[in-house]
A.B. asks: 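Below is a structure I'd like to ask you about.
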Amino acid sequence: MTIASRLKEEKYLVAALAAAAIAYLLEHTVLEMGRGVALLAAAALVATIVLASIRVAHHAELLAVMVGDPYGTMILTLSALAVEVIILAIMMTGESSPTLVRDTIYSALMLDINGILGLAALLGGLKHGEQPYNDNSGKTYGVMILTAMGISMIVPEFVPRDKWHYYSAFTIVAMIALYGLFLRMQVGQHSYFFSYSYPRSERNKESHREHDTEESAAVSIVTILAGVVIIGLLAEFMSAFMAEGLRDSGAPIAVTAVVVAAISAAPEILTALRAALRNRMQATVNIAMGASLSTVILTVPVMEAIALYTGQPFIMAMTPVQTVMVTITLIAAAINLNDGETNAIEGMTHFVLFSAFVMLTALGL
């Protein structure tokens with residue numbers, strides 16, 4: 001493939017790079033034009049970041065096809081997580097809310113489990129009826145998410161302010177230890193927990209469809225890295241424009257967190273929905289639950305390390321409303337993902353919880 005055709009294929013990333021250059025040149029001008037213009041500029045950059053992240057996810061999908069499950073979904077979730085961590089790290093260097101990290105992780109959990117998994121199970125159930133998957137994956141993801149959320153976002157409510165750095169260091173070690181063991185399970189002797197053997201006819205048809213590509217692993221890796229760098233540049237300007245646009249606007253503080261979570265989840269939504277509509281619910285469960293776990297278990301140690309380095313703690317303890325929503329979500333997921341089959345009713349329960357999350361966020365709760 002020639003360079004011209006390659007650039008044409010990656011037109012979204014090229015446009016994103018051009019947008020970053022324009023934002024760099026016009027940053028001060030936009031900020032001086034008032035909140036309205038700054039908010040429009042932030043919205044344009046959010047849309048550009050989503051398009052760029054979709055291309056990153058596309059190449060992550062190509063790599064995922066090459067290596068197969070469970071490595072495949074791990075690549076997808078880690079690529080999305082990289083985007084989220086970079087945006088968070090950049091936004092935390094500016095004037096941001098001390099609850100941004102907490103609210104973003106909470107929003108990501110609601111989006112991944114209730115939004116992505118709920119909508120995928122609902123639509124997939126309406127089309128295919130009951131959709132099978134390996135129930136070991138749902139149980140493993142569920143208990144890991146519950147443990148990680150409890151340690152990092154519930155227990156901190158009871159830690160004295162003058163002891164925060166000790167518990168922060170413990171949290172970093174605990175999250176790394178949890179993820180290290182989980183990773184060993186996922187790619188080692190328990191890898192079968194996260195895969196499902198579909199009927200031969202479906203497997204052959206899917207294999208033919210997925211392998212119908214000329215993309216090489218090297219090109220995909222380079223494109224992913226370039227995309228993440230471009231997204232980081234865009235995030236820096238988006239952060240400045242959004243902070244100015246929302247200043248004194250009365251908008252809920254959590255809006256920024258929801259935007260960050262939605263940006264990282266956008267490619268996963270498309271991938272999970274496609275998998276569910278193709279009656280491949282295992283991939284959907286891996287993406288939705290795996291993204292939730294990765295968001296908690298990897299974002300927390302990175303951001304806690306930044307807190308220790310800067311000496312400024314973040315507020316990680318969830319509010320009572322957030323704690324209740326997370327508890328209900330994880331209980332519902334434990335019940336729904338216990339039998340190895342999803343259906344439209346189970347999907348609807350999670351999607352209603354997602355709707356409740358949207359309503360509570362709009363009310364500033």
A.B. asks: So how far is it from F357 CZ to I328 CD1, rounded to the nearest 0.5 Å?
C.D. replies: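 Separation between the atoms: 14.0 Å.
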
A.B. asks: List the atom of M144, the atom of L178, and the distance in Å for their closest heavy-atom pair.
C.D. replies: CE-O, 3.5 Å

A.B. asks: Evaluate the criterion side chain to side chain contact (heavy atoms under 4.5 Å, CB included) for residue pair F314 and E304; output intermediate values, then yes/no.
C.D. replies: CA-CA 8 Å; F314 308 138; E304 291 282 9; 5.6 Å; no

A.B. asks: For I231 and A52, which heavy atoms make the closest approach, and how far apart are they?
C.D. replies: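 Shortest heavy-atom contact: CG1-CB, 3.9 Å.
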
A.B. asks: Please check if V321 and L100 belong to a single hydrophobic cluster, counting links between Ile, Leu, Val, Met, Phe, Trp and Tyr side chain heavy atoms closer than 4.5 Å.
C.D. replies: yes

A.B. asks: Please work out whether the ring planes of F182 and F194 are parallel, tilted or perpendicular, with thresholds of 30° and 60°.
C.D. replies: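 Correct class here is perpendicular.
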
A.B. asks: I'd like to know if the side chain of S168 reaches the main chain of H165, judged simply by a donor and an acceptor atom lying under 3.5 Å from each other, with no hydrogens or angles considered.
C.D. replies: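 The answer is no, because no donor-acceptor pair under 3.5 Å joins these two groups.
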
A.B. asks: Can you tell me how far OG1 of T299 sits from CE of M175, rounded to the nearest 0.5 angstrom?
C.D. replies: 11.5 Å

A.B. asks: Could you please spell out the steps behind the side chain to side chain contact (heavy atoms under 4.5 Å, CB included) verdict for M348 and V352?
C.D. replies: CA-CA 6 Å; M348 190 61 182; V352 167; 4.1 Å; yes

A.B. asks: Any idea which heavy atoms bring W164 and G311 closest together, and the distance?
C.D. replies: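 In terms of heavy atoms, the two residues are closest at CZ2-O, 3.9 Å.
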
A.B. asks: Around I345, counting heavy atoms of other residues, nucleotides and ligands shown, do more than 12 lie under 6.0 Å from its CD1?
C.D. replies: no

A.B. asks: Would you compute the distance between atom CZ of F351 and atom CG of L117 and round it to the nearest 0.5 angstrom?
C.D. replies: 12.0 Å

A.B. asks: Tell me the closest heavy-atom pair linking A16 and L234, and the distance in Å.
C.D. replies: O-CD2, 3.6 Å

A.B. asks: Hey, mind stepping through S137 and M289 against side chain to side chain contact (heavy atoms under 4.5 Å, CB included) and telling me if it holds?
C.D. replies: CA-CA 9 Å; S137 57; M289 299 296 285; over 6 Å; no

A.B. asks: Can any side-chain N or O of Q322 pair as donor or acceptor with the backbone N or O of D103 at less than 3.5 Å?
C.D. replies: no

A.B. asks: Working to the nearest 0.5 angstrom, can you tell me the gap between L293 CG and Y141 OH?
C.D. replies: 7.5 Å

A.B. asks: So which atom in A276 and which in T284 form the shortest heavy-atom distance, rounded to 0.1 Å?
C.D. replies: N-OG1, 3.4 Å

A.B. asks: Using modelled atom types only, decide if a donor and an acceptor are shared between the side chain of R102 and the backbone of A317 within a distance under 3.5 Å.
C.D. replies: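 Indeed, once roles are kept as given, a pair shorter than 3.5 Å links the two residues.
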
A.B. asks: Spell out, as yes or no, whether a donor-acceptor pair under 3.5 Å connects the side chain of T295 to the backbone of A291.
C.D. replies: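 Checked: pair present.
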
A.B. asks: List the steps and the verdict of side-chain hydrogen bond (donor to acceptor under 3.5 Å, both in side chains) for Q131 and N279.
C.D. replies: CA-CA 6 Å; Q131 295 184 279; N279 202 22; 3.1 Å; yes

A.B. asks: Rounded to the nearest 0.5 Å, what separates atom CD in E27 from atom CD in E32?
C.D. replies: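 Atom-to-atom, E27:CD and E32:CD are 10.5 Å apart.
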
A.B. asks: Donor-acceptor check, side chain of H128 to backbone of L277, threshold 3.5 angstrom: yes or no?
C.D. replies: yes

A.B. asks: Please report the C-alpha distance between I113 and I145 in whole Å, then the side-chain angles of each, then the deciding distance to 0.1 Å, and finally whether the side chain to side chain contact (heavy atoms under 4.5 Å, CB included) criterion is met.
C.D. replies: CA-CA 11 Å; I113 299 181; I145 293 171; 4.2 Å; yes

A.B. asks: Between V326 and V300, is there shared hydrophobic-cluster membership here, with clusters defined by ILVMFWY side-chain heavy atoms closer than 4.5 Å?
C.D. replies: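 Yes; tracing contacts between hydrophobic side chains, which count when under 4.5 Å, links both residues.
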
A.B. asks: Atom CZ of residue position R274 - does it have more than 12 heavy atoms of other residues, nucleotides or ligands inside 6.0 Å?
C.D. replies: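 Yes, enclosed.
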
A.B. asks: Any sub-3.5 Å donor-acceptor pair from T104's side-chain atoms to A261's backbone N or O?
C.D. replies: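 Pair absent, no side-chain N/O of T104 close to backbone of A261.
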
